[in-house]
Amino acid sequence: MNIKALNGFKDILPGEVELWQRLETLARDIFARFNFSEIRLPILEKTDLFARAIGEATDIVEKEMYTFVDKQVTMRPEATASLLRAYIEHGLHVQKPVQRLFTIGPMFRHERPQKGRLRQFHQMDVEVLGSTSPRVDAEMMAMGAMLLAELGLSVSLEMNSLGCPVCRPGFRTSLLAFLDERHQGLCDDCKRRSSTNPLRVLDCKNPKCREQVLEAPSLLEHLCADCADHLSGVQEGLEQLGVQYSLNKFMVRGLDYYTRTTFEFITGDLGAQAAVGAGGRYDGLIEQLGGPRGVPGIGFALGMERLVLLLQQKEAELTASGVDLFVAGLGEQSSRYGFGLTHALRTGGMRVVMDLEGRSLKSQMKQAGKLGVPYVLILGENELAEGKAVLRNMATQEQQELLLQDEASTVQTLVALISA
RNA sequence: GUGGAUGUAGCUCAGUUGGUGGCAGCACCUGGUUGUGGCCCAGGAGGUCGUGGGUUCAAGUCCCAUCAUUCACCCCA
């Protein structure tokens with residue numbers, strides 16, 4: 001009986017994990033440039049939190065959550081709900097009027113796995129709480145675009161406005177009337193959606209529906225004055241910051257809580273999973289979860305698996321060695337000496353590899369070459385007897401003799417030579 | 001949840017009308033060089049042919065089931 005990882009759950013092995021680290025390191029750097037602070041959140045929350053935040057009727061809540069039914073707790077399917085719960089629970093709005101927070105970690109949804117979609121997947125989630133300024137919206141998108149650009153990925157940005165509780169009901173009514181008229185021309189899914197989630201019909205992929213929907217009433221034309229102002233403020237900000245985007249009046253979000261600005265970073269290189277990042281504004285959500293009144297929010301999440309896939313497509317393996325020195329021993333005496341010296345070098349902060357299997361020098365040189373190590377310290381019996389060793393520069397093939405003094409000064413000498 | 005495709009060495013894959021698992025490539029180990037990497041050459045190791053049934057004298061090959069992987073739908077990051 002072979003034990004394997006669960007369907008939709010993946011190990012991230014050495015070789016790939018370096019890409020993840022690079023992604024995370026760069027993201028943390030960029031988040032810091034924009035003054036975001038990290039918050040770390042639990043993976044398990046009360047089921048009710050997600051039901052209230054994401055929406056009872058969404059697919060996520062209805063059928064995709066990993067829930068311990070008897071305990072009424074759920075593995076988080078997304079980060080915003082947990083983050084807002086923490087924000088409210090600790091009264092973070094009192095400490096600072098505007099909070100800028102990010103969190104990185106695994107999420108869980110019981111969907112059928114496919115390319116770029118796992119059951120345990122990882123997101124980097126960024127939220128700004130307490131500001132209605134359209135400049136914040138623009139800044140969020142600019143930050144996402146900056147990260148993607150510095151990763152070397154070309155990804156496009158699409159934006160829309162979903163309006164607010166003032167203007168959306170009116171739009172919904174006219175959309176429903178329109179869909180009713182065109183009912184026969186829609187695909188089966190959209191016939192169903194017309195009643196369950198009419199906005200979703202707008203971004204159906206079926207060409208027939210797309211054609212029908214072209215003439216559908218537009219969200220953008222139904223925006224109230226405040227929402228329209230906000231939208232133009234966002235656009236102005238994006239233009240000022242030089243962020244490329246396109247307005248897509250058919251883009252809709254799957255989670256109930258979004259208002260006004262919504263956006264997606266989209267790629268054509270991941271098959272059906274086009275969105276590598278998406279988010280939007282959710283001005284009523286904090287209050288709805290029992291938080292302070294009238295505190296607005298905006299946020300977005302980046303799908304890390306999807307970004308890593310793109311990075312993998314873009315470039316071959318990372319060849320950076322991650323090792324400073326290879327210590328090669330020849331025979332028992334020198335291996336014994338090298339064993340101790342290796343440890344001393346590591347204590348001194350160096351990344352050192354030594355073969356402990358007693359292999360031939362040729363084999364050890366091969367290993368060193370494969371590792372891409374810049375230097376090899378060769379401890380030969382003859383030299384060792386004279387208190388010497390050979391340091392080989394692998395790139396130039398130059399070798400120099402070293403006088404071995406006490407361990408501490410040998411370490412010092414090597415560190416100086418190698419870091420030079 | 002629905003539909004399609006695919007499971008043979010660590011990886012990528014051959015395997016004919018059923019008739020002994022491949023001098024296959026990459027990776028790994030050893031040697032060619034009494035103590036020096038990348039190239040080359042030689043050798044070596046590595047397999048429950050996803051699993052369980054069935055048909056057959058005989059199954060990697062045909063049939064059924066099952067598990068897994070994968071792509072798409074749905075949904076979403």
Side-chain angles (χ1 to χ4, degrees), chain A residues 1-10 13 15 54 58-64 77-80 104-126 144 155 187-190 192-193 196-197 200 203-206 251-255 263-267 270-280 299-310 326 328-331 334 355 357 359-384 389-399:
Chain A
M1 198 235 310
N2 286 338
I3 298 182
K4 291 180 164 178
L6 290 171
N7 191 8
F9 289 71
K10 271 231 162 41
L13 301 175
I54 300 170
T58 58
D59 278 20
I60 293 179
V61 171
E62 270 186 355
K63 50 197 186 196
E64 294 175 1
E78 55 111 53
T80 304
I104 298 175
M107 311 292 157
F108 304 85
R109 292 182 201 171
H110 190 98
E111 300 178 273
R112 193 78 164 262
Q114 77 189 62
K115 186 175 191 179
R117 188 173 78 186
L118 295 172
R119 288 180 172 174
Q120 176 178 335
F121 60 103
H122 299 78
Q123 289 188 339
M124 301 191 288
D125 190 73
V126 187
V155 172
C187 70
D188 289 346
D189 281 321
C190 283
R192 174 177 54 79
R193 278 192 276 245
T196 58
N197 195 348
R200 276 262 150 219
D203 70 351
C204 181
K205 285 180 207 156
N206 186 310
M251 193 188 71
V252 172
R253 313 269 46 243
L255 281 54
F263 55 94
E264 284 186 5
F265 291 100
I266 293 175
T267 173
L270 286 179
Q273 304 331 303
V276 299
F300 74 101
L302 292 159
M304 296 179 75
E305 276 78 3
R306 293 178 186 181
L307 290 174
V308 168
L309 279 173
L310 290 177
F326 190 102
L330 280 161
S334 73
D355 178 90
E357 313 306 318
R359 290 197 226 272
S360 67
L361 180 59
K362 173 176 173 159
S363 167
Q364 296 189 64
M365 294 301 293
K366 252 189 186 171
Q367 292 179 55
K370 223 159 276 162
L371 285 167
V373 177
Y375 291 93
V376 175
L377 183 69
I378 301 168
L379 300 169
E381 301 269 297
N382 301 340
E383 289 89 340
L384 202 60
V390 171
L391 184 67
R392 178 181 176 87
N393 181 321
M394 294 296 274
T396 64
Q397 306 190 23
E398 284 166 348
Q399 304 197 159

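Here is the naming used below: chain letters follow the sequence lines, and residue numbers restart at 1 for every chain. Bear in mind the structure is a predicted one, so any value in this text is a computation, not a measurement.
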Of the listed nucleotides B:U33, B:G35, B:C75, the one nearest the side chain of A:Asp59 | B:C75
With a non-hydrogen cut-off below 4.0 angstrom, is A:Gly277 in contact with a base, only sugar-phosphate, or nothing?
-> sugar-phosphate
Provide, to the nearest angstrom, the distance between the NZ atom belonging to A:Lys115 and the C1' atom belonging to B:C74.
-> 19 Å
Which is true for A:Gly279 with a 4.0 Å heavy-atom rule: it touches a base, it touches only sugar-phosphate, or it touches nothing?
-> nothing
Enter the distance from A:Ile378:CD1 to A:Leu361:CG here, rounded to the nearest 0.5 Å.
-> 5.5 Å
Can you tell me how far C1' in B:U8 sits from the matching atom in B:C13, rounded to whole Å?
-> 9 Å
Under 3.5 Å on both distances, the Watson-Crick or G-U partner of B:G21 = none
Can you tell me how far P in B:G18 sits from the matching atom in B:A58, rounded to whole Å?
-> 16 Å
Quick note, A:Arg392 side chain, CB onward, closest among B:A77, B:G35, B:G37 is B:G37
The residue, A:Gln397 or A:Asn382, whose nearest nucleotide of RNA chain B is more 5′ is A:Asn382
Write down the distance between CE (A:Met394) and C1' (B:G38), rounded to a whole number of angstrom.
-> 8 Å
Polar pair under 3.5 Å, donor/acceptor by atom type, side chain A:Arg193, base B:C75 = no
B:C41 and B:U51: how far apart are their C1' atoms, nearest whole angstrom?
-> 42 Å
Going by atom types alone, do A:Arg392 and A:Gln399 pair a side-chain donor with an acceptor below 3.5 Å?
-> yes
Record whether the side chain of A:Glu383 comes under 3.5 Å of the base of B:G35 through a donor-acceptor pair of N or O atoms.
-> yes
Who is the Watson-Crick or G-U wobble partner of B:U61, with both distances under 3.5 Å?
-> none
Using the P atom on both, measure B:C29 against B:A68 and round to a whole Å.
-> 35 Å
Could you check whether A:Ala368 gets within reach of a base, just the sugar-phosphate, or nothing at all, counting any heavy atom under 4.0 Å?
-> nothing
Nucleotide nearest A:Ala301 when distance is taken to its side chain, options B:C76, B:A77, B:G35 | B:A77
Are A:Glu111 and A:Arg117 within salt-bridge range, i.e. N to O under 4.0 Å?
-> yes
Which base sits across from B:C73 as a Watson-Crick or G-U pair, both distances under 3.5 Å?
-> B:G1
Distance, rounded to the nearest Å, where A:Arg109 contributes CZ and B:C75 contributes P = 13 Å
Expressed as a whole number of Å, how far does the C1' atom of B:A9 sit from that of B:G47?
-> 6 Å
For A:Arg359 and B:U30, is the shortest distance between a side-chain N/O and OP1 or OP2 below 4.0 Å?
-> yes
OP1 or OP2 of B:U30 less than 4.0 angstrom from a side-chain nitrogen or oxygen of A:Ser363, does that happen here?
-> yes
From B:C73, B:C76, B:G37, pick the nucleotide closest to the side chain of A:Arg117?
-> B:C73
Shortest non-hydrogen contact from A:Phe108 toward A:Phe121 = N-CE2, 4.1 Å
B:G10 and B:U48: how far apart are their P atoms, nearest whole angstrom?
-> 8 Å
Pair partner, B:G31 [Watson-Crick or wobble, under 3.5 Å] = B:C41
Between A:Ala389 and A:Leu379, what is the shortest heavy-atom contact and its length?
-> CB-CD2, 3.7 Å
Please measure how far the P atom in B:G46 lies from the corresponding atom in B:U61, and state the result in whole Å.
-> 24 Å
What about A:Tyr375 and A:Phe326, are their ring centers closer than 6.0 Å?
-> no
Exactly one candidate in A:Arg119, A:Lys63, A:Glu78 meets side-chain contact (heavy atoms from CB on, under 4.5 Å) with A:Arg109; the answer is A:Glu78
What is the distance, rounded to the nearest whole Å, between atom CZ of A:Phe9 and atom P of B:U69?
-> 11 Å
Measure from CD on A:Glu64 to P on B:C75 and round the result to the nearest Å.
-> 10 Å
First encountered from the 5' end of RNA chain B, between A:Gly8 and A:Leu270 | A:Gly8
At under 4.0 Å, does any side-chain N or O of A:Lys63 touch on OP1 or OP2 of B:U2?
-> no
Think A:Asn7 has a side-chain N or O under 4.0 angstrom from the OP1 or OP2 of B:C67?
-> no
Is a donor-acceptor contact shorter than 3.5 angstrom present between the side chain of A:Gln399 and the base of B:U36?
-> yes
Quote, to the nearest angstrom, the P distance that separates B:U33 from B:C28.
-> 22 Å
Counting only distance, no hydrogens or angles, is the base of B:C74 paired donor-acceptor with the side chain of A:Arg112 under 3.5 Å?
-> no
Rounded to whole angstroms, how far apart are CG on A:Asn393 and P on B:G38?
-> 17 Å
Look at the side-chain N and O atoms of A:Lys370 and state whether any lies under 4.0 Å from the OP1 or OP2 oxygen of B:A27.
-> no
To the side chain of A:Lys10, which of B:C75, B:U70, B:G37 is closest?
-> B:U70
How close do A:Ala301 and A:Gln123 get, heavy atom to heavy atom, and via which atoms?
-> CB-OE1, 3.5 Å
Taking OP1 and OP2 of B:C71, is either one under 4.0 Å from a side-chain nitrogen or oxygen of A:Gln114?
-> no
Using a cut-off of 4.0 Å on non-hydrogen atoms, how would the nucleic acid contact of A:Leu309 be classed: base, sugar-phosphate, or nothing?
-> nothing
Under-4.0 Å side-chain N/O to phosphate OP1/OP2 contact, A:Ser360 with B:G31 | yes
Rounded to whole angstrom units, what separation is found between the CD atom of A:Glu111 and the P atom of B:A77?
-> 9 Å
Classify the side-chain pair A:Gln367/A:Asp355 by whether it contains a donor and acceptor separated by less than 3.5 Å.
-> yes
Separation of A:Ile54 atom CD1 from B:C75 atom C1', in whole Å?
-> 13 Å
